[in-house]
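This report refers to the structure that appears directly beneath it.
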Amino acid sequence: SCLADTVICLKPLKSEIYNQLHSEIINAVPVLRDACYIIKRRLASKLKSQFLLENHRVYSAGDTGKELFFVVTGEVEVRINKDVSTLDGFGLLSLPFLLYKQLSHSIYYTSGDHFGECCLLSKSGLRPDTATATMASELFYLEKDDLWEIFLYTPEEFRREFIHIS
């Protein structure tokens, strides 16, 4: 909960409060950092926070995913499931992307990193990976419906780059 949620204020003021509160994490993610001010404000107002204890599971492979996660503090381990029998066509097509991401990044995500994006484009939404906090962590997450709502107002180039965030 934040001031914007507890005090009655006009939508533009509420949006600005969220923007100030979430600007650090938005500016830590390259594709978000380069977004225009209006998109950043819309993103900031949609972000929600989640606090995790060490060894807390964010999600498991096979769960239906509707969120993209950003690490604020702490560390999250993301491992691809070896059993791919539950994945739909997009889920299977996303595996090389996830493997490449793990090889070029690592399986450990820290402040400014993001994970969980592959299920957002899948029809089934099934997650091909498992994410677990390796220490006490704070995450922000963006829900699929909110992301698509924001995408209505963004240029196609931004959407393409966002979907393929590296």
Side-chain angles (χ1 to χ4, degrees), residues 1-2 5 18 21-22 24-26 28-33 35 39-40 42-154 158-166:
S1 179
C2 81
D5 292 329
Y18 280 119
L21 288 171
H22 298 141
E24 187 175 329
I25 192 67
I26 288 173
V29 180
V31 71
L32 301 180
R33 179 179 44 239
I39 298 303
K40 287 181 182 183
R42 286 185 176 141
L43 283 167
S45 69
K46 301 294 185 182
L47 288 173
K48 296 169 182 73
S49 62
Q50 179 175 6
F51 295 91
L52 307 166
L53 298 175
E54 182 178 1
N55 296 320
H56 183 88
R57 183 83 30 102
V58 181
Y59 60 79
S60 298
D63 288 353
T64 300
K66 296 181 191 249
E67 304 88 13
L68 165 67
F69 295 90
F70 301 92
V71 180
V72 180
T73 61
E75 181 182 77
V76 175
E77 177 186 55
V78 179
R79 291 196 177 269
I80 298 172
N81 190 17
K82 291 181 171 71
D83 178 13
V84 296
S85 63
T86 60
L87 299 178
D88 64 6
F90 183 83
L92 292 170
L93 288 173
S94 70
L95 287 177
F97 167 75
L98 285 173
L99 288 169
Y100 173 77
K101 187 175 177 183
Q102 285 192 350
L103 290 172
S104 62
H105 178 272
S106 107
I107 63 170
Y108 298 101
Y109 293 77
T110 58
S111 183
D113 293 335
H114 69 279
F115 61 94
E117 67 274 18
C118 283
C119 69
L120 299 180
L121 299 175
S122 167
K123 284 185 182 180
S124 69
L126 295 177
R127 293 196 182 273
D129 51 7
T130 296
T132 307
T134 60
M135 62 179 64
S137 302
E138 179 184 8
L139 308 178
F140 280 139
Y141 64 94
L142 187 61
E143 294 178 345
K144 182 178 186 174
D145 291 342
D146 291 336
L147 178 61
W148 293 122
E149 180 184 320
I150 291 166
F151 276 0
L152 290 174
Y153 305 101
T154 59
F158 176 83
R159 291 190 300 266
R160 228 181 287 121
E161 187 176 350
F162 190 92
I163 298 297
H164 301 290
I165 323 179
S166 57

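- Take Asp146 and apply the side-chain hydrogen bond (donor to acceptor under 3.5 Å, both in side chains) test, not counting sequence neighbours, and it matches Lys48.
- In terms of heavy atoms, Tyr59 sits closest to Gly116 at OH-CA, 3.6 Å.
- Annotation: ring-ring contact (aromatic ring centres under 6.0 Å, His included) contacts of Tyr109 (sequence neighbours excluded): His105, Phe115.
- Here the closest non-hydrogen pair linking Cys118 and Phe97 is SG-CD2, 3.4 Å.
- Summarising the geometry, atom CG belonging to Asp63 is positioned 10.0 Å from atom CG belonging to Asp129; distances are rounded to the nearest 0.5 Å.
- Atoms CG and CD1, from Leu95 and Ile80 in turn, are 6.5 Å apart once rounded to the nearest 0.5 Å.
- A distance of 3.5 Å separates CD in Glu117 from NZ in Lys101, rounded to the nearest 0.5 Å.
- Residues satisfying the side-chain contact (heavy atoms from CB on, under 4.5 Å) test with Asp145, not counting sequence neighbours, are none.
- The side-chain hydrogen bond (donor to acceptor under 3.5 Å, both in side chains) test applied to Lys144 returns no partner, not counting sequence neighbours.
- Take Thr130 and apply the side-chain contact (heavy atoms from CB on, under 4.5 Å) test, not counting sequence neighbours, and it matches Arg57, Ser60, Ala61, Thr132.
- A distance of 14.5 Å separates OG of Ser45 from NZ of Lys40, quoted to the nearest 0.5 Å.
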List, one per line, each side-chain donor-acceptor pair under 3.5 Å for residues 67-78, sequence neighbours excluded.
unit_1 : atom_1 : unit_2 : atom_2 : d
Glu67  : OE1    : Arg127 : NH2    : 3.3
Thr73  : OG1    : Glu138 : N      : 3.3
Glu75  : OE1    : Thr134 : OG1    : 2.6
Glu77  : OE2    : Arg79  : NE     : 3.1
Glu77  : OE2    : Arg79  : NH2    : 3.0
Glu77  : OE2    : Tyr108 : OH     : 3.2

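- Going from atom CE of Met135 over to atom CG of Leu53 covers 13.0 Å, rounded to the nearest 0.5 Å.
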